[in-house]
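One structure below.
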Amino acid sequence: MLSPKLLQALNKQINEEYYSSYLYQAMVAYMEDLNLDGCAHWMKMQAEEEHQHALKIFNYVIERGGRVQLLEVKAPPMEWDSPLAAFEAALGHEKIMTKSISALADLAQDEKDHATNNLMQWYVTEQVEEEANVDDIVKKLKLVGDSGPGLFMIDRELKSRPAPNPVADAGA
Ligand code: FEO
């Protein structure tokens, strides 16, 4: 049985993951508006991945006999100053998510809940990858600066991002 404190924190994390999905979906709309199909595709895959992250905790809470509480998802921004600014915002967001995952892992350890700590370790590893992937794109965009052909090439590269593997099973 999950402790009430842990259950509340997990429900909050489900909300954070849904917000992440919503944020990336807003970035899909922004990139589509700029006709950057590859950037839009990358953001779409990211939005799907965040949905999977939310579902993984959702399923876990149920498996542990807890009650999922879906909280209100706040509205994401609609505009960014440039594609680079959007990816920088994504990187900033992932750093915030890493902190909230770490806090959840700390709480699970404090509560001696090994199963939840185990689940959170999966997210800890995932966050390393998430930050590294966005950081790589930010660096490339900085490198090309205002170059139209450079942006065109990065956009084409981002189009090849594969769909995320379903990870929603609690034990995955
Ligand atoms: Fe699910 Fe990108 O944090």
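Quick note: residue numbers are just sequence positions, from 1. Just follow the structure's listing: the first ligand is 1, and inside any ligand the first atom is 1.
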May I ask you to check whether Glu94 brings an N, O or S atom to under 2.8 Å from atom 2 (Fe) of ligand 1? yes

Any N/O/S atom, backbone or side chain, of Glu126 lying under 2.8 Å from atom 1 (Fe) of ligand 1? no

With a 4.0 Å cut-off, would you call Lys44 and Glu48 a salt bridge? no

Does Lys56 make a cation-pi contact with Trp122, if we ask for NZ or CZ under 6.0 Å from the ring centre and within 45° of the axis? yes

Salt bridge present between Arg161 and Glu49 (N-O < 4.0 angstrom): yes

State the atom name: nearest N, O or S atom of His53 to atom 1 (Fe) of ligand 1. ND1

For the pair Ser20 (side chain) and Glu50 (backbone), establish whether a donor and an acceptor sit closer than 3.5 Å, ignoring hydrogens and angles. no

N/O/S atom of Glu17 under 2.8 Å from atom 1 (Fe) of ligand 1, yes or no? yes

Taking the ring centre of each residue, are Tyr18 and His53 less than 6.0 Å apart? no

What atom name does the N, O or S atom of Glu130 nearest to atom 2 (Fe) of ligand 1 carry? OE1

Of all N/O/S atoms in Glu50, which lies nearest to atom 1 (Fe) of ligand 1? OE1

